[in-house]
Amino acid sequence: MMINYAATAQSTDTVLLKSLLQSHPELFSGILKHPTQNEVQILYTQVNRDKNNIPHFKSYSYRLNAKRYFYPASTVKLPTLIFALEKINELKIEGLTKLSTMITDSSFAGQTKVNKDTSSVNGLPSIENYIKKILLVSDNDAYNRLYEFTGRAEINQKLKKYGLTNTRIVGRLAVGDAGESTRHTNPVAFYNGSQLTYKKPALYDSLDYPMHLDNMLQGKAYLDSSDRLVNKPFDFSQKNVYTIADQQAVLKRLLFPEIFPKAQRFNLMPDDYQLIYKYMSMYPTESVKPTYNRPQNYPAMSKLLFYGADSAAVINPDIRIFNKYGDSYGYDIDNAYIVDTKHNVEFMLTAVVQSNEDGVYNDNKYEYATVCLPFLKNLGQVIYKYELKRQRKHSSDLIKFKFNYRMVK
């Protein structure tokens, strides 16, 4: 059975979330007193199954505003990896798969090459291993390689195709990518053994993706690339944009493709979905290849909502979190589908919060640990407790989201 997505779309209610926050002043009073300063936006979506286990949605929001800019950080990696998989599938070249060896070359100033990946099973880079690293630990280089393979123009064409009109992805992360370099993406070659299966040329994107949003100039000063203090606001006007509503729309289309007409679904194969589901819900310490060991890597490091990325968090064995988070410039963002298979609880929660009390950017003085992460942890747990008590007409069958995570390669 398939439901047209348009029939499931609902305007958001603003009362419930605000009342839940206000009912816990011991947790949220600081944020509630300064919601603009902390740039809070929240979108909470209940999932209600019918007798055929088809999901229906009811959404609630707090300060949701597509015209209010926040820096999306690593959350842009999820649509980018989806589009990389789509590109592989749409090329329809015999022998070209997400497991093919992916050799990245360079052709423009600042670009770098990749011809090995010691984190993979065979020591060679591939689309699949890059995806694993993105979903397990939000690896920046892995994202950059998929951005380069897919190409800036194609990424933004796909965003429009799927109705993500308040989003643009226009640059690499954590390498100082800006200006003309963002338009150039590397040549990439794919091999099976020694046999060349596909060669993607270097690409240039001549298009601009202008967006005029509130809050694109922030703070009072910033440190430049030479660590010199510049006494003027930091300018986000040329950076990535990925709104809270668009983030949750991507997650919904990814997790529940059955509610969309076939023409509106992501062009993913069944094993593509399984790869994404498994690794976005897996803890880094459960992965064998790539390998991530404590103490630098710990189970909750990628789970901001519910666990607050706490290295000492006690993991609930009944809960899995299918998410993509981001943190940068004082912003913490998490886009999550939270599942409790013991109590048949499921809900979607997407939120952003910022703290930059000194108003200076690039000084690495942000209040992640004292303001942002506690807020996201408490928000996820309060919504979860509400969901535990919420009455449902039909119980959810969540077998689709149960995986064997032991000794996964």
### Any side-chain donor near an acceptor of the partner, Asp50 and His56, under 3.5 Å
yes
- prompt: Run the salt bridge (charged side-chain N to carboxylate O under 4.0 Å, His left out) check on Lys400 and Glu346 step by step: do they pass?
  reply: CA-CA 12 Å; Lys400 171 182 174 180; Glu346 56 177 333; over 6 Å; no
Heavy-atom side-chain proximity of Asn267 to Met269 below 4.5 angstrom
yes
- prompt: With no hydrogens and no angle check, is any side-chain donor or acceptor of Asn122 less than 3.5 Å from a backbone partner on Leu124?
  reply: yes
* **Side-chain donor-acceptor contact under 3.5 Å, Ser100 with Asn192** => yes
Query raised in the report: Taking side chain as C-beta onward, heavy atoms only, is Tyr325 less than 4.5 Å from Leu376?
Result: no
Just checking Lys161: does its NZ atom have more than 12 heavy atoms from other residues, nucleotides or ligands closer to it than 6.0 angstrom? yes
Applying side chain to side chain donor-acceptor pair (under 3.5 Å) to Thr75 and not counting sequence neighbours gives Gln247
Show your reasoning for whether side-chain hydrogen bond (donor to acceptor under 3.5 Å, both in side chains) applies to Arg320 and Thr341. CA-CA 8 Å; Arg320 284 286 169 171; Thr341 53; over 6 Å; no
Worksheet item: Would the number of heavy atoms belonging to other residues, nucleotides or ligands and lying under 6.0 Å from CD of Glu94 be above 12?
Response: no
Please determine whether ring pair (Phe, Tyr, Trp, His ring centres under 6.0 Å) holds for the pair Tyr361 and Phe236, giving the CA-CA distance in whole Å, both sets of side-chain angles, and the decisive distance to 0.1 Å.
CA-CA 11 Å; Tyr361 285 83; Phe236 286 91; 5.7 Å; yes
Which of Val137, Leu136, Asp139 passes side chain to side chain contact (heavy atoms under 4.5 Å, CB included) with Pro290? It is Leu136
Between Lys303 and the options Asn323, Asp310, Asp334, the side chain to side chain donor-acceptor pair (under 3.5 Å) test singles out Asn323
Leu213 and Ala66 have their tightest heavy-atom pair at CD2-O, 3.9 Å
(Q) Tell me if the aromatic rings of Tyr62 and Phe28 count as close, with their centers under 6.0 Å from one another. (A) no
Taken to the nearest 0.5 Å, the spacing of Asp105 CG from Lys200 NZ works out to 10.5 Å
Looking at side-chain heavy atoms only, is the closest gap between Ser74 and Lys324 below 4.5 Å?
yes
Q) Do Arg253 side-chain atoms and Phe260 backbone N/O form a donor-acceptor pair below 3.5 Å? A) no
Of all heavy-atom pairs linking Leu305 and Ile321, the shortest is O-CD1, 3.6 Å
Test item: Arg49 side-chain N/O and Val47 main-chain N/O as donor-acceptor pair under 3.5 Å: no
**Donor on one side chain, acceptor on other, Asn129 and Asp117, under 3.5 Å** = yes
Exactly one of Asp177, Asn144, Asn140, Thr185 clears side chain to side chain donor-acceptor pair (under 3.5 Å) with Arg172, and that residue is Asp177
Would you mind reporting whether Leu21 and Ile42 have side-chain heavy atoms less than 4.5 Å apart? yes
Could you check if a side-chain atom of Tyr279 sits within less than 4.5 angstrom of a side-chain atom of Ile131, using non-hydrogen atoms only? no
Report task. Using the side-chain hydrogen bond (donor to acceptor under 3.5 Å, both in side chains) rule, take Glu148 and Thr104 through it: C-alpha gap first, then chi angles, then the decisive distance, then the call. Result -> CA-CA 9 Å; Glu148 293 160 356; Thr104 301; 4.8 Å; no
Problem set entry | Sub-6.0 Å ring centroid separation between Tyr366 and Tyr368 | yes
### Task
Determine whether Ile319 and Tyr384 make a side-chain contact, defined as any pair of heavy atoms from C-beta on separated by less than 4.5 Å.
yes
Quick note, ring pair (Phe, Tyr, Trp, His ring centres under 6.0 Å) partners involving residues 205-226, not counting sequence neighbours, are Tyr222-Phe234
Worksheet item: Relative to Phe83, does Lys87 satisfy both conditions: NZ or CZ under 6.0 angstrom from the six-membered ring centre, and within 45 degrees of the ring's axis?
Response: no
Residues Tyr273 and Leu254: closest non-hydrogen pair is CE2-O, 3.4 Å
Heavy-atom nearest pair, Ser138 first then Lys77, reads O-NZ, 2.6 Å
### Query
Donor-acceptor pair, Lys239 side chain versus Ala73 backbone, under 3.5 Å?
no
query = Any donor and acceptor pair, going by atom type alone, linking the side chain of Glu286 with main-chain N or O of Tyr283 inside 3.5 Å?
reply = yes
* Asked: Would you say the side-chain atoms of Asn335 pair up with the backbone N or O of Ile244, donor to acceptor, closer than 3.5 Å?
  -> no
Taking the side chain as C-beta and beyond, is there a heavy-atom pair between His394 and Asn52 under 4.5 Å? no
So NZ of Lys402 and NZ of Lys278: to nearest 0.5 Å the spacing works out to 15.0 Å
Between Phe190 and the options Ile127, Leu99, Ile103, the side chain to side chain contact (heavy atoms under 4.5 Å, CB included) test singles out Ile127
Separation between CD (Glu367) and CZ (Phe375), nearest 0.5 Å, reads 15.0 Å
Quiz item: How far apart are the C-alpha atoms of Asn89 and Asp272, what are their side-chain angles, what is the distance that settles it, and do they pass the side-chain hydrogen bond (donor to acceptor under 3.5 Å, both in side chains) test?
Solution: CA-CA 10 Å; Asn89 295 335; Asp272 296 332; 2.9 Å; yes
Taken to the nearest 0.5 Å, the spacing of Gln111 CD from His184 NE2 works out to 8.0 Å
With a 4.5 Å heavy-atom cut-off, do Thr45 and Ser59 have their side chains touching? yes
Exercise. Mark yes or no for whether Asp246, through its side chain, and Tyr242, through its backbone, hold a donor-acceptor pair below 3.5 Å.
Key: no
Expected output: side-chain Gln41 to main-chain Asn65 donor-acceptor under 3.5 Å: yes
d(Asn356 CG, Gln218 CD) to nearest 0.5 Å is 8.5 Å
Any donor and acceptor pair, going by atom type alone, linking the side chain of Asn215 with main-chain N or O of Tyr69 inside 3.5 Å?
yes
task = Look at the side chain of Glu39 and the backbone N and O of Val353, then say whether any donor-acceptor pair between them is shorter than 3.5 Å.
result = no
To the nearest 0.5 Å, atom CD1 of Ile31 lies from atom CD of Gln354 at 10.5 Å
Per ring-ring contact (aromatic ring centres under 6.0 Å, His included), Tyr337 is matched among Phe401, Phe347, Phe57 by Phe401
